[in-house]
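Report on one structure; see the data block that follows.
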Amino acid sequence: MSRIAEERPFTMSFFDVAIPRAAGTIQEAKNQGKKVVGHYCVFAPQELIVAAGGVPVALCATKEEPIADGEKVLPRNFCPLIKSSYGFAITDKCPFFLHSDLVLGETTCDGKKKMFELMGKFKPLMVMNLPPSNKDEASQTYWLSEVARLKAYLEDYFQVAITEEAMTAAIEELNQERRLMQRLAGYLTHDPVPFSGQDLLKVLWSRNFVFDRAAFAEQVEELMKELDERIAEGVGATAKGAKRIIVTGVPTGVGTEKVIRILEESGAAVVFLENCAGMKQFIRLVDETKAPLEAIAEKYLATPCSCMSPNPDRMELLARLVDEYKADGVVDITWQGCHTYNVEARVLRDYLKEHRGTPVLHIETDYSEGDSQQIKTRVQAFLEMLEAM
Amino acid sequence: MRNIVAGIDAGSTAVKLVFFDGQQMGFWQRPTGWSPAEVTLQMLGQALREWNISREDLRHICGTGYGRVNLPFLNTTVTEIACHCRGAACLRPGVELVIDIGGQDAKGIQVGPKGRVLDFVMNDKCAAGTGRFLSVMAHALGLDVSELGTYAGGDAVPPQPINAMCTVFAESEVIGLIHRGVDRKAIVSGLHHSVARRVAAMVARFDGDGPLLFTGGVSRNEAIRLALEKELKRPVEVNEHSPYAGAIGAALIAWEKV
């Protein structure tokens with residue numbers, strides 16, 4: 001017998017307030033002399049920040065509110081993520097941006113690249129240039145030189161030496177966290193799912209603002225204990241047999257989880273978040289047997305993002321996830337103006353149709369709630385279609 | 001007590017109602033206005049009187065369309081995608097592709113066995129390529145949206161290309177054309193082609209040459225049907241009940257529930 005839980009896992013209350021709490025902690029950490037390095041994307045080699053004695057925080061913005069300020073400078077038809085990020089930065093409304101001693105930008109698209117030029121005028125900014133591909137040797141060599149440049153930049157900026165030992169220790173620390181996240185996500189292979197995709201997102205998103213990694217890991221372990229109990233009792237966040245959906249595409253952090261929320265409200269089980277607000281950065285570990293700098297470069301360049309051309313790894317990863325998580329369908333989200341994910345939506349749909357027969361629903365939207373009803377109709381129709389299959 | 005079911009498609013522009021008793025269907029429709037629930041109730045009352053039945057004779061009411069969330073008396077709700085698919089399969093047995101153009105959205109639905117949805121595609125947020133687009137343009141041209149289809153006058157006047165994709169920009173473009181003294185018929189024809197081009201691009205992934213049924217309110221516009229045929233290079237069929245496809249589908253789904 002299985003039943004639907006009346007409440008979310010108790011431990012979620014820790015993660016519900018994790019971000020506001022971090023916003024308070026950051027001032028304290030700064031007072032104690034902690035260096036804070038903001039970054040925008042999962043290509044940012046967080047090990048180097050940690051090895052330099054800094055705390056990495058994610059600045060990738062997920063709120064609609066600052067978009068109007070962003071639009072005073074940026075074109076309106078830009079992607080909402082860039083407009084929101086810039087709007088937060090220019091108005092100093094985001095405490096994490098405000099308190100960042102240094103900001104790392106990664107050129108994952110033309111819009112961000114040009115936005116960073118403007119941001120560099122009012123904030124200390126180090127931009128890492130991504131190669132267009134991750135498959136050829138020239139791109140890999142080039143990226144390694146960018147990672148080495150970041151290392152030298154951090155050493156100079158913060159007047160510290162980033163030693164091999166410090167990098168090795170940072171790799172171990174973050175790999176451990178990646179394994180923890182993989183274990184947590186693995187709970188969603190169960191039917192019924194013991195917790196929701198929205199809650200998984202909340203945990204993963206709060207990981208971006210962690211000042212005390214041990215305390216955070218402890219809470220994740222605590223959450224997993226609760227989930228073990230739920231599984232033993234047959235308690236799920238959605239009904240057993242609910243249609244199982246993998247979410248992929250653009251980052252959909254806390255505040256822009258509209259589509260995920262609609263999916264779960266419509267009775268679906270969101271079993272995996274492949275995007276970079278979700279599990280993308282935790283799937284691959286840094287190889288601990290290799291020289292640290294090379295191993296770091298290798299891991300980050302292998303990120304299966306649509307800015308890489310071609311990007312076969314994302315297709316293969318999703319096919320594997322469909323099997324592992326017994327997914328019935330995939331929902332692929334594109335922010336308006338994100339050309340690379342928009343084009344890749346067609347590639348992904350055809351790939352999954354051919355290799356797994358898995359239907360894909362592509363949704364193009366922005367940060368506003370204006371199209372929620374339309375998205376709801378589309379999501380419900382998709383679920384009806386899966387139901388009838 | 002009689003065995004009758006109802007399907008209601010509360011769309012953005014019109015509410016459609018279908019009664020079904022297992023053999024016969026009755027059809028009603030009214031403009032949605034600002035209160036879909038009130039309009040639907042009035043129409044339901046009229047339909048009950050015309051069929052000479054009471055509210056209790058309605059064994060099941062299935063609702064679809066945007067207004068479905070606000071109708072209190074429904075037994076079930078189903079999305080308009082599933083309903084249009086089901087309705088189209090009833091209107092045109094063997095149909096493989098449905099193009100539905102309604103008041104605020106356009107959809108392409110690939111139909112499988114028993115009228116089930118194999119795949120579908122819908123326009124995003126924007127109203128380009130929908131009935132709303134045509135209403136706005138008709139207004140700018142001083143015409144009623146219902147006369148657009150016959151106004152263009154076929155191939156006699158070559159269409160004036162309309163390039164703007166956005167409804168707001170397209171309206172500016174149309175106003176510009178009017179001021180330049182471009183033939184109104186050519187503009188109307190251009191608008192029809194613009195809608196057809198956009199919808200054809202949207203459904204391009206559903207290739208094939210099986211029967212294609214055009215449904216929704218815009219299917220009343222013969223010029224758009226012809227423009228769609230030209231763009232898709234395959235026959236585009238309509239049925240006199242095409243605008244009711246969603247409500248018919250809802251009624252058929254309701255019939256399965258009793």
Side-chain angles (χ1 to χ4, degrees), chain A residues 76-77 79-80 243 249 258-259 262-263 265-268 329-338 341-343 345-354 357-389, chain B residues 9-12 62-70 76-86 89 98 100 102-127 130 132 165-166 168-169 201-202 204-207 246 249-250 253 256:
Chain A
R76 281 200 61 225
N77 59 2
C79 107
K243 289 296 157 195
K258 173 172 68 178
V259 178
I262 291 173
L263 272 162
E265 280 171 2
S266 305
V330 170
V331 171
D332 189 7
I333 306 169
T334 301
W335 296 134
Q336 276 169 8
C338 181
Y341 271 110
N342 206 346
V343 172
R346 282 116 180 116
V347 182
L348 179 66
R349 186 181 61 222
D350 292 345
Y351 184 91
L352 286 179
K353 192 174 182 182
E354 188 190 333
T358 309
V360 177
L361 175 67
H362 178 218
I363 291 176
E364 192 181 346
T365 181
D366 60 16
Y367 283 13
S368 74
E369 287 288 334
D371 57 353
S372 295
Q373 195 50 44
Q374 268 162 296
I375 292 175
K376 206 171 223 171
T377 296
R378 217 170 294 197
V379 162
Q380 286 172 354
F382 187 64
L383 296 175
E384 285 169 359
M385 186 182 101
L386 296 178
E387 208 62 59
M389 278 176 85
Chain B
D9 178 4
S12 67
C62 175
T64 188
Y66 278 105
R68 71 182 182 279
V69 287
N70 283 324
T76 43
T77 59
V78 179
T79 66
E80 46 269 43
I81 289 105
C83 287
H84 269 274
C85 191
R86 206 41 212 286
V98 180
D100 167 67
Q104 65 179 20
D105 54 37
K107 344 180 211 310
I109 309 163
Q110 206 180 9
V111 189
K114 295 180 186 163
R116 75 181 173 85
V117 179
L118 281 186
D119 201 356
F120 67 95
V121 61
M122 252 171 106
N123 66 313
D124 286 291
K125 262 188 165 173
C126 143
T130 69
R132 182 74 72 249
M165 282 293 182
C166 165
V168 178
F169 290 138
M202 192 177 76
R205 73 185 215 223
F206 305 128
D207 48 0
I253 290 167
E256 280 170 9

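Labels below follow one simple rule: chain letters A, B, ... track the order of the sequence lines, proteins then strands, and each chain is numbered from 1.
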* **Portion of Val69(B) that has a non-hydrogen atom of chain A nearer than 4.5 angstrom** => side chain
* To do: Please look at Ile375(A) and chain B and tell me whether the side chain, the backbone, both or neither of the residue comes under 4.5 angstrom of a heavy atom of that chain.
  => neither
* To do: Among Asn342(A), Val331(A), Leu348(A), Ile333(A), find the one that has a side-chain contact (heavy atoms from CB on, under 4.5 Å) with His362(A).
  => Asn342(A)
* Do the ring centers of Tyr367(A) and Trp335(A) come within less than 6.0 Å of each other? -> yes
* chain A contacts, top residue of Arg205(B), Arg116(B), Arg68(B) (heavy-atom pairs, under 4.5 Å) -> Arg205(B)
* Asked: For the candidates Gln380(A), Lys376(A), Arg349(A), Met389(A), which exhibits the highest count of non-hydrogen atom pairs separated by less than 4.5 Å from chain B?
  -> Arg349(A)
Extract all donor-acceptor atom pairs below 3.5 Å that involve side chains of residues 105-115 of chain B and protein atoms in other chains or at least two apart in sequence.
| residue | atom | partner | partner atom | Å |
| --- | --- | --- | --- | --- |
| Asp105(B) | OD1 | Lys107(B) | NZ | 2.9 |
| Asp105(B) | OD2 | Tyr66(B) | OH | 2.8 |
| Lys107(B) | NZ | Asp100(B) | OD2 | 3.0 |

* Do NZ/NE/NH1/NH2 and the carboxylate oxygens of Glu384(A) and Lys243(A) come within less than 4.0 Å? -> no
